[in-house]
Amino acid sequence: MSTVLVFATDEDLFAELVTAGEKIGDEVVAAALGPAAEDPEVPGASKVYTAQGDGLDEYHVDPVATALSEIVDEVGADRVLVGGNRRGKEIGPQLAAKLDAGYIVTALEIPEEGTFRRKFMGGKTMANEVPQTDDVVATIAPHSFEPATGDPAPVETIQVSPGKGRVERVSLEQRDEEGVNIEEADVVVAFGRGVEEEDDMELVFDTAESMGGVVGCSRPISADLHWLGDDRWIGLSGKVVTPEVYVAAGVSGQIQHLAGCRDSELIVVVNTDENAPFFEHADYGLVGDLYDVLPAITEKLS
Ligand SMILES: Cc1cc2nc3c(=O)[nH]c(=O)nc-3n(C[C@H](O)[C@H](O)[C@H](O)COP(=O)(O)OP(=O)(O)OC[C@H]3O[C@@H](n4cnc5c(N)ncnc54)[C@H](O)[C@@H]3O)c2cc1C
């Protein structure tokens with residue numbers, strides 16, 4: 001019998017991981033560590049193992065990977081799926097190293113048991129990968145699987161000894177810009193060089209607020225103009241987002257930008273140039289001036 005252990009630092013991802021786990025194992029169990037161990041609700045899993053210990057509250061990578069490897073041994077899991085947010089992508093490889101397991105980077109699909117499908121070459125290509133090891137660790141991109149439903153799994157506390165880890169965090173400083181977790185937003189309103197002045201960004205922020213979303217941008221806005229921080233920069237060299245709705249206003253849609261947003265569920269493009277490459281990837285395309293279109297959306301939704 002094959003047991004899949006699922007783990008996430010974001011509780012919302014557990015149910016998606018359970019669905020993914022059901023595709024590759026006979027039984028799916030979950031590990032809820034640190035804050036998630038308080039009152040875990042994981043529908044569809046057969047059990048949730050909770051654990052507390054040094055470093056788990058802040059999801060320090062080394063202690064979390066150690067704790068997970070102990071839980072894997074305890075429950076006899078041979079596959080581990082980790083929620084592929086930023087922290088999950090740090091924990092996954094370290095856990096794989098501890099378990100001497102094959103590691104799959106940010107899978108989007110599991111087309112058949114044992115095969116993981118993920119983006120390759122900035123999303124231009126899809127790769128099917130088959131681990132050649134008995135044990136497997138894979139990070140799973142958020143929003144790639146339907147959340148499992150059902151009753152919350154029964155909870156069992158498990159003892160782990162994560163230790164302090166090999167790296168100690170000696171200080172934390174607040175960055176000037178308010179941080180934004182764009183990778184987990186349901187709605188992203190992104191803009192590019194079609195916005196002419198820094199002050200005009202307000203139009204985009206207003207639209208994002210009216211849609212209950214967050215603002216993202218193309219690389220020039222962050223890297224060249226420094227209007228926004230790199231936590232909002234989307235693309236090959238920036239963040240990869242998969243929101244339910246992605247609005248791109250005044251973004252041409254070069255391949256490097258598309259690499260960060262092409263898996264969004266619904267893409268809406270606003271551009272004055274009817275030949276802008278982004279239109280080829282749009283579910284809804286609007287040839288128009290963002291200075292007219294965005295305020296109209298904001299007014300309609302406010
Ligand atoms: C190695 C490498 C990595 C890169 N990584 C990234 C990355 O991660 N992310 C990224 O974004 N880019 C990346 N780039 C840059 C990328 O190639 C493009 O140059 C960039 O995405 C273009 O940004 P843009 O669409 O904002 O600007 P532009 O290409 O200048 O497009 C602006 C668009 O706005 C439209 N427009 C103008 N005025 C209006 C208006 N009033 N209303 C509506 N539309 C209007 C124009 O028609 C045009 O289509 C990378 C490049 C390289 C070489």
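As the structure is a prediction and not an experimental result, all values here were calculated from the model.
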Taking only residues two or more places apart in sequence, or in another chain, which ones meet Phe278 in a ring pair (Phe, Tyr, Trp, His ring centres under 6.0 Å)? His257
Minimum-distance pair of heavy atoms, taken over all atoms of Phe279 and Asp273: CE1-O, 3.1 Å
Measuring only between side-chain heavy atoms, which start at C-beta, is Asp186 closer than 4.5 Å to Pro243? no
So do the side chains of Ile221 and Phe191 get within less than 4.5 Å of each other, counting heavy atoms only? yes
If you group Ile, Leu, Val, Met, Phe, Trp and Tyr by side-chain heavy-atom gaps below 4.5 Å, do Phe145 and Val80 land in one group? no
Flag if over 12 foreign heavy atoms under 6.0 Å of CG, Asp134: no
Side-chain touch Val29/Val48, heavy atoms, less than 4.5 angstrom: no
Residues two or more places apart in sequence or in another chain: which of them pass side-chain contact (heavy atoms from CB on, under 4.5 Å) with Pro35? Asp57, Tyr59
Working to the nearest 0.5 angstrom, can you tell me the gap between Leu266 CG and Asp283 CG? 4.5 Å
Does a side-chain heavy-atom distance below 4.5 Å link Val269 with His281? no
Sequence-distant partners of Arg118, side chain to side chain donor-acceptor pair (under 3.5 Å), two or more places apart: Glu129
What closest approach, in Å, do Ala141 and Leu108 show between heavy atoms, and which atom pair accounts for it? CB-CD2, 3.6 Å
Value rounded to 0.5 Å, distance of OG in Ser218 from CD1 in Ile234: 9.0 Å
Assess, by modelled atom type and distance only, whether the side chains of Ser302 and Ser210 contain a donor and an acceptor separated by less than 3.5 Å. no
Is Ile182 linked to Val240 within one hydrophobic cluster, defined over Ile, Leu, Val, Met, Phe, Trp and Tyr using a side-chain heavy-atom separation of less than 4.5 Å? no
Please list all pairs passing the salt bridge (Lys or Arg N to Asp or Glu O under 4.0 Å) test where one or both residues lie in residues 42-52, with sequence neighbours left out. Lys47-Glu156
Residues in side-chain contact (heavy atoms from CB on, under 4.5 Å) contact with Ala67, at least two apart in sequence or another chain: Leu33, Leu56, Val160, Pro162
Between Arg219 and Gln256, is any pair of side-chain heavy atoms under 4.5 Å apart? no
Under the side-chain contact (heavy atoms from CB on, under 4.5 Å) test, residues paired with Ser161 that sit two or more places apart: Glu70
Minimum heavy-atom separation for Pro295 to Leu290, with atom names? CD-O, 3.5 Å
Please give me the minimum heavy-atom distance between Ala153 and Ser46, naming the atom from each residue. CB-C, 4.1 Å
Student check: side-chain heavy atoms of Ile110 and Thr115 closer than 4.5 Å: no
Let me confirm one number: the CG-CG distance from Asn85 to Asn181, rounded to the nearest 0.5 Å. 7.5 Å
Do Leu286 and Val268 come within less than 4.5 Å of each other through their side chains, counting heavy atoms only? no
Rounded to the nearest 0.5 Å, how far apart are CG of Asp206 and CG of Leu301? 12.0 Å
Would you list the pairs meeting ring-ring contact (aromatic ring centres under 6.0 Å, His included) in which at least one residue belongs to residues 4-42, sequence neighbours left out? none
Considering residues, nucleotides and ligands other than Asp151, do more than 12 of their heavy atoms fall under 6.0 Å from its CG? no
Would you find a donor on one side and an acceptor on the other, under 3.5 Å apart, between the side chain of Thr50 and the backbone of Ile158? no
Co-membership, hydrophobic cluster, residues Ile104 and Val4, 4.5 Å side-chain: yes
For the NE2 atom of His60 and the CG atom of Asp54, what is their distance to the nearest 0.5 Å? 10.0 Å
Check Asn271 against Ser252 and note the closest heavy-atom contact, atom names and distance. ND2-CA, 4.1 Å
Would Val189 and Phe205 count as a side-chain contact (heavy atoms from CB on, under 4.5 Å) here? Give the steps. CA-CA 8 Å; Val189 182; Phe205 276 89; over 6 Å; no
Can Val188 and Val215 be said to form a side-chain contact (heavy atoms from CB on, under 4.5 Å), step by step? CA-CA 6 Å; Val188 174; Val215 172; over 6 Å; no
Between Asp230 and Ala223, is there a donor-acceptor pair closer than 3.5 Å when you use the side chain of the first and the backbone of the second? no
Is there a continuous path of hydrophobic side-chain contacts, each under 4.5 Å between heavy atoms, that joins Val6 to Tyr49? no
For atom CD of Glu209, decide whether the heavy atoms of other residues, nucleotides or ligands shown that lie under 6.0 angstrom number more than 12. no
Take a 6.0 Å sphere around CD of Glu198 and say whether it holds more than 12 heavy atoms from other residues, nucleotides or ligands. yes
Are Trp233 and Val195 connected in the hydrophobic side-chain network, where two residues link if heavy atoms are under 4.5 Å apart? no
Going by the salt bridge (Lys or Arg N to Asp or Glu O under 4.0 Å) test, which pairs reach into residues 4-33, not counting sequence neighbours? none
Treating Thr242 as the side-chain partner and Ser264 as the backbone partner, does any N or O pair qualify as donor plus acceptor under 3.5 Å? no
Taken to the nearest 0.5 Å, the spacing of Thr106 OG1 from Phe116 CZ works out to 12.0 Å
Heavy-atom check, side chain of Ile71 versus side chain of Leu5, under 4.5 Å: yes
Minimum heavy-atom distance between Thr139 and Gly92, given as atom pair plus value: CG2-CA, 4.4 Å
Are Val287 and Thr272 close enough, and set up right, to give a side-chain contact (heavy atoms from CB on, under 4.5 Å), and what steps lead you there? CA-CA 5 Å; Val287 179; Thr272 43; 5.9 Å; no
Across all chains, not counting sequence neighbours, the side-chain contact (heavy atoms from CB on, under 4.5 Å) partners of Glu265 are Glu244
Can Thr207 and Thr298 be said to form a side chain to side chain donor-acceptor pair (under 3.5 Å), step by step? CA-CA 5 Å; Thr207 304; Thr298 307; 2.8 Å; yes
Tell me, with the steps shown, if Leu95 and Ser69 meet side-chain contact (heavy atoms from CB on, under 4.5 Å). CA-CA 7 Å; Leu95 176 61; Ser69 67; 3.9 Å; yes
Under 3.5 Å donor-acceptor pairs involving side-chain atoms of residues 36-45, not counting sequence neighbours:
none

Pairs meeting criterion salt bridge (Lys or Arg N to Asp or Glu O under 4.0 Å) with involvement of residues 72-91, two or more places apart: Arg79-Glu113, Arg86-Glu183, Arg87-Glu90
Salt bridge (Lys or Arg N to Asp or Glu O under 4.0 Å): which pairs involve residues 93-110, sequence neighbours left out? Asp62-Lys98, Glu109-Arg117
